[in-house]
Amino acid sequence: MPIDTTPTRNLAMELVRVTEAAAIAAGRFMGRGDKIAADQAAVDAMRAVLNTIEMKAVIVIGEGEKDEAPMLYNGEEVGTGDPPEMDIAVDPIDGTRPVAKGLPNAIATVALAPRGTMFNPGPFVYMHKIAVGPEAKGMIDVNAPVEVNLRRIARVKGKDVTDLTVVILDRPRHEQLIAEVRRLGARIRLIPDGDVAGALMTAWPGSGIDVLMGIGGTPEGVLAACALRAMGGEIQGKLYARNEDELRRGEEMGYDFHKVLTMDDLVASDDVFFAATGITDGELLRGVKYRGDTVRTHSLVVRGLTGTVREIFATHRIEKVKKLGEPRI
């Protein structure tokens with residue numbers, strides 16, 4: 001008999017335990033200057049809880065290939081091994097440097113989609129991106145000039161271009177993009193890392209962010225697409241080759257660096273689940289707070305099929321959670 005791969009329950013409500021565990025574990029390392037230790041703690045906690053969820057999931061987007069990252073690696077199976085069969089994308093810390101330096105907007109994230117529906121970027125980890133919230137959905141084009149996109153977004157939002165705020169990763173490769181946005185008069189929010197949070201802020205009321213632009217991580221683009229499907233926003237991308245060798249290798253493997261990756265390309269199902277928990281304070285989520293014998297977390301939980309977006313504030317009692325990462329979170 002074929003295995004029924006249709007989820008019958010809201011897995012997002014179980015995923016939030018995964019991101020809470022990762023955030024609580026990583027938050028202990030905030031400002032300590034050791035992003036590797038923070039990432040390891042988040043990974044260990046995330047795996048422990050993932051393996052308690054009733055599902056048969058394969059990590060499509062993880063911490064790298066097995067030989068390079070023996071923790072939550074691409075192709076690793078997680079869950080109890082029972083149906084439903086799912087693809088999973090994980091980013092135990094979206095923003096390891098912000099955690100290490102005590103900077104804003106670091107989050108723990110995970111997304112699920114039915115098996116075979118999540119885009120697999122293989123070894124090609126960068127892409128051109130543009131993301132917006134519901135008001136500007138259908139108005140963006142990753143191939144269009146910056147001015148065209150900003151004027152379209154401003155028009156549908158009833159603003160002047162000078163009133164828009166663009167979030168961009170603070171990287172040397174974005175010097176020309178930053179200069180063009182400034183020439184047009186729009187405001188810029190530069191972020192050191194964390195472009196999943198940056199993309200989600202475009203669809204989050206009160207964040208003050210209108211659009212994300214620039215070259216960022218492909219895995220982060222898939223994670224953001226899973227959330228934005230339910231939040232009513234949109235993201236487009238194109239794979240970005242860092243050099244000629246990478247371009248040649250990608251073409252040999254059948255990847256098209258000119259193809260516009262739409263929401264449907266990045267995750268080809270509405271039946272997606274996404275959860276994120278804040279590690280450090282940011283516009284999207286509040287960071288982990290340790291208060292004596294309790295820990296306070298702030299999470300975003302999304303179910304694509306119903307379009308439901310939940311905010312969850314949780315208080316965890318330390319004496320009842322004796323080992324971070326155990327399935328008691």
Enquirer: In the structure I gave you, are the side-chain heavy atoms of Ile178 and Leu190 within less than 4.5 Å of one another anywhere?
Expert: yes

Enquirer: Would you call Arg286 and Asp281 a salt bridge, using N to O less than 4.0 angstrom?
Expert: no

Enquirer: Does Arg249 come within less than 4.0 Å of Glu252, counting only side-chain N to carboxylate O?
Expert: no

Enquirer: Side chains of Asp193 and Arg171, heavy atoms from C-beta outward: is any pair under 4.5 Å?
Expert: yes

Enquirer: Take Arg183 and Glu180, measure what salt bridge (Lys or Arg N to Asp or Glu O under 4.0 Å) needs, and give me the verdict at the end.
Expert: CA-CA 5 Å; Arg183 183 188 71 80; Glu180 178 64 4; 2.9 Å; yes

Enquirer: Are side-chain heavy atoms of Met30 and Ile279 found at a separation under 4.5 Å?
Expert: no

Enquirer: Do Phe274 and Arg229 come close enough that some side-chain heavy atom pair is under 4.5 Å?
Expert: no

Enquirer: Atom NZ in Lys159, atom OG1 in Thr165: separation rounded to 0.5 Å?
Expert: 6.5 Å

Enquirer: When you look at Val309 and Leu300, which way does the side chain to side chain contact (heavy atoms under 4.5 Å, CB included) test go after all the steps?
Expert: CA-CA 7 Å; Val309 180; Leu300 175 70; 3.3 Å; yes

Enquirer: Could you tell me whether the side chains of Thr294 and Arg317 share a donor-acceptor contact shorter than 3.5 Å?
Expert: no

Enquirer: Would you call Thr52 and Val49 a side-chain contact if the rule is heavy atoms closer than 4.5 Å?
Expert: yes

Enquirer: How close do Ala203 and Leu228 get, counting heavy atoms only, and between which atoms?
Expert: CB-CD2, 3.7 Å

Enquirer: Could you pull out the closest heavy-atom pair between Val99 and Ala26, with the gap in Å?
Expert: CG1-O, 3.9 Å

Enquirer: For Ala108, is there any backbone N or O sitting under 3.5 Å from a side-chain donor or acceptor partner on Thr19?
Expert: no

Enquirer: Using a cut-off of 6.0 Å, state whether more than 12 heavy atoms not belonging to Arg173 lie near its atom CZ.
Expert: yes

Enquirer: Any side-chain heavy atom of Asn149 sitting closer than 4.5 Å to one from Met213?
Expert: yes

Enquirer: Would you mind reporting whether Leu11 and Ile53 have side-chain heavy atoms less than 4.5 Å apart?
Expert: yes

Enquirer: Under the rule for side chain to side chain donor-acceptor pair (under 3.5 Å), what residues qualify as partners of Glu244, not counting sequence neighbours?
Expert: none

Enquirer: Starting at CD1 of Ile215, measure out to CG of Leu239 and round the result to the nearest 0.5 Å.
Expert: 11.5 Å

Enquirer: Do the charged groups of Asp163 and Lys157 touch, with an N to O distance under 4.0 Å?
Expert: no

Enquirer: Which residues satisfy the ring-ring contact (aromatic ring centres under 6.0 Å, His included) test with Phe124, sequence neighbours excluded?
Expert: Tyr255, Phe257

Enquirer: Does a donor on one side chain and an acceptor on the other come within less than 3.5 Å for Ser269 and Asp271?
Expert: no

Enquirer: What is the distance from atom CD1 of Ile24 to atom OH of Tyr290, rounded to the nearest 0.5 Å?
Expert: 6.5 Å

Enquirer: With sequence neighbours excluded, tell me which residues meet side chain to side chain donor-acceptor pair (under 3.5 Å) with Gln176.
Expert: none

Enquirer: For atom NZ of Lys238, is the number of surrounding heavy atoms from other residues, nucleotides or ligands below 6.0 Å larger than 12?
Expert: yes

Enquirer: Any side-chain donor-acceptor pair under 3.5 Å between Arg303 and Thr308?
Expert: no

Enquirer: Go through the steps for Val132 and Met139 under the test side chain to side chain contact (heavy atoms under 4.5 Å, CB included), then give the verdict.
Expert: CA-CA 9 Å; Val132 291; Met139 303 303 297; over 6 Å; no

Enquirer: To the closest 0.5 Å, what do you measure between CZ (Phe29) and CD (Gln40)?
Expert: 9.0 Å

Enquirer: Are Tyr126 and Arg242 side-chain neighbours, meaning at least one heavy-atom pair lies under 4.5 Å?
Expert: yes

Enquirer: When rounded to the nearest 0.5 angstrom, what is the spacing between CG in Asp141 and CZ in Arg152?
Expert: 6.0 Å

Enquirer: So how far is it from Thr297 OG1 to His316 NE2, rounded to the nearest 0.5 Å?
Expert: 3.0 Å

